[in-house]
Amino acid sequence: MKTLNERHDYGLDLFLLSIDEGITGYRDDSLETVRRNERQYGIPLKILSYQDLYGWTMDRIVATIGRRNNCTFCGVFRRQALDRGAAMLGVDKIVTGHNADDIAETVLMNILRGDVARLRRCTAITTSSEGAIPRSKPFKYTYEKEIVMYAYFKKLDYFSTECVYSPNAYRGHARTYLKDLERIRPSTIIDIIHSGDSLAVKGDVKMPVQGTCSRCGYISSQILCKACVLLEGLNRGLPRVGIGKATGGNMSAIVKKYGLREEEEEEKGEDGRRHHGGGEGEGMERRKGEMGGCGSCTCDSKKRTCRDPSTLLDVTRPDRPEF
Ligand code: SF4
């Protein structure tokens, strides 16, 4: 982006945004690379941590919930953290490092999960919803191997450690399957993206209606956004709230089952307005002003490093060189 910006005189003000999930042996190391990149490229860097935003690190979440499903927390929190960071920076566009491999994996994952809503939008080169900062994927048609080769031959300073929690991630299975398919049919990745682009959803399929989270005010199709439900579960000692299959992933059912809605109602004052401060402490008060939307976790990986698609040209990963 920096090279293109200078070469073509785009006039863009670029920022680097990194999220520190609090994963010892992974993100702590990678942030050192990002800090070097800040100096090398002369682009200001902002780092936001899960600890500061949510009061939890991924190490602590994994210690609480175990090594299955932890990527759900990480992906949801990171997506929202990126939105918050982008809002803090005052940018009008988020540019992520999704490459063709990432997008094809996401198409497969959404098919396997039967997630029609995400399937419909996951191949869009720019996604935007009302009130959210648009996200672009300039590497949509660029293979991961091409990016890695570019970074290697250009001698870019990048980070290549695998996340210590990635071996159990769902995306890893989609990735392995994709690589097997690619051996049989080399054009598989682009073919799958083309399929995703061409898919049409029948008119009578019910799609989620977008609203805002009643707690943090961010975009959500449910009463509470997924990040708030997951966080509430963690803080209540019920970490499986929001990831269990018992409720079929229906957030409204989860909210009802665990009394989260009732809690919200109790927070209404005598004047009928909602008051968020009670019982949530300073952290929630602080978060209210910063949060910028609830997304969905699409970040998992089995091999290499975390491959979260919602990362802003994260130069900490080998497939995310900044150029
Ligand atoms: Fe988070 Fe990615 Fe590691 Fe999963 S693999 S814990 S989503 S950094």
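First listed ligand is number 1; within each ligand, the first listed atom is number 1. Not measured: the values here are computed from a predicted model.
- Between the side chain of Lys2 and the backbone N or O of Tyr41, at least one donor-acceptor pair lies under 3.5 Å.
- Between Arg121 and Asp115 there is no salt bridge, since no side-chain nitrogen of the basic residue lies less than 4.0 Å from a carboxylate oxygen of the acidic one.
- Within the structure, the closest approach of Phe73 to ligand 1 does not fall below 4.0 Å when heavy atoms are considered.
- A salt bridge is defined here as a Lys NZ or Arg NE, NH1 or NH2 lying under 4.0 Å from an Asp or Glu carboxylate O, and Asp101 with Lys145 fails to meet this definition.
- The part of Arg78 lying near ligand 1 is the side chain, judged by heavy-atom distances below 4.0 Å.
- Note on Glu32 versus Arg35: salt bridge recorded, some NZ/NE/NH1/NH2 to OD/OE distance being below 4.0 Å.
- Counting backbone and side-chain atoms alike, Cys71 contributes an N/O/S atom closer than 2.8 Å to atom 4 (Fe) of ligand 1.
- Of all the heavy atoms of Val164, none lies under 4.0 Å from any atom of ligand 1, so neither backbone nor side chain is involved.
- At least one N/O/S atom of Cys163, from backbone or side chain, sits under 2.8 Å from atom 3 (Fe) of ligand 1.
- In terms of modelled atom types and a separation under 3.5 Å, the side chain of Asp20 and the main chain of Tyr50 share no donor-acceptor contact.
- In this model, no donor atom of one side chain and acceptor atom of the other lie less than 3.5 Å apart for Gln80 and Asp83.
- Atom numbering of ligand 1 starts at 1 in the shown order; those under 4.0 Å from a heavy atom of Asn70 are 6 (S).
- Within ligand 1, counting atoms from 1 as listed, the ones closer than 4.0 Å to a heavy atom of Ser166 are 5 (S).
- Taking a 6.0 Å sphere around CG of Asp92, one finds it holds 12 or fewer heavy atoms contributed by other residues, nucleotides or ligands.
- Ligand 1 lies nowhere less than 4.0 angstrom from a heavy atom belonging to Val62.
- Within the listing of ligand 1, atoms 8 (S) sit less than 4.0 angstrom from a heavy atom of Tyr26.
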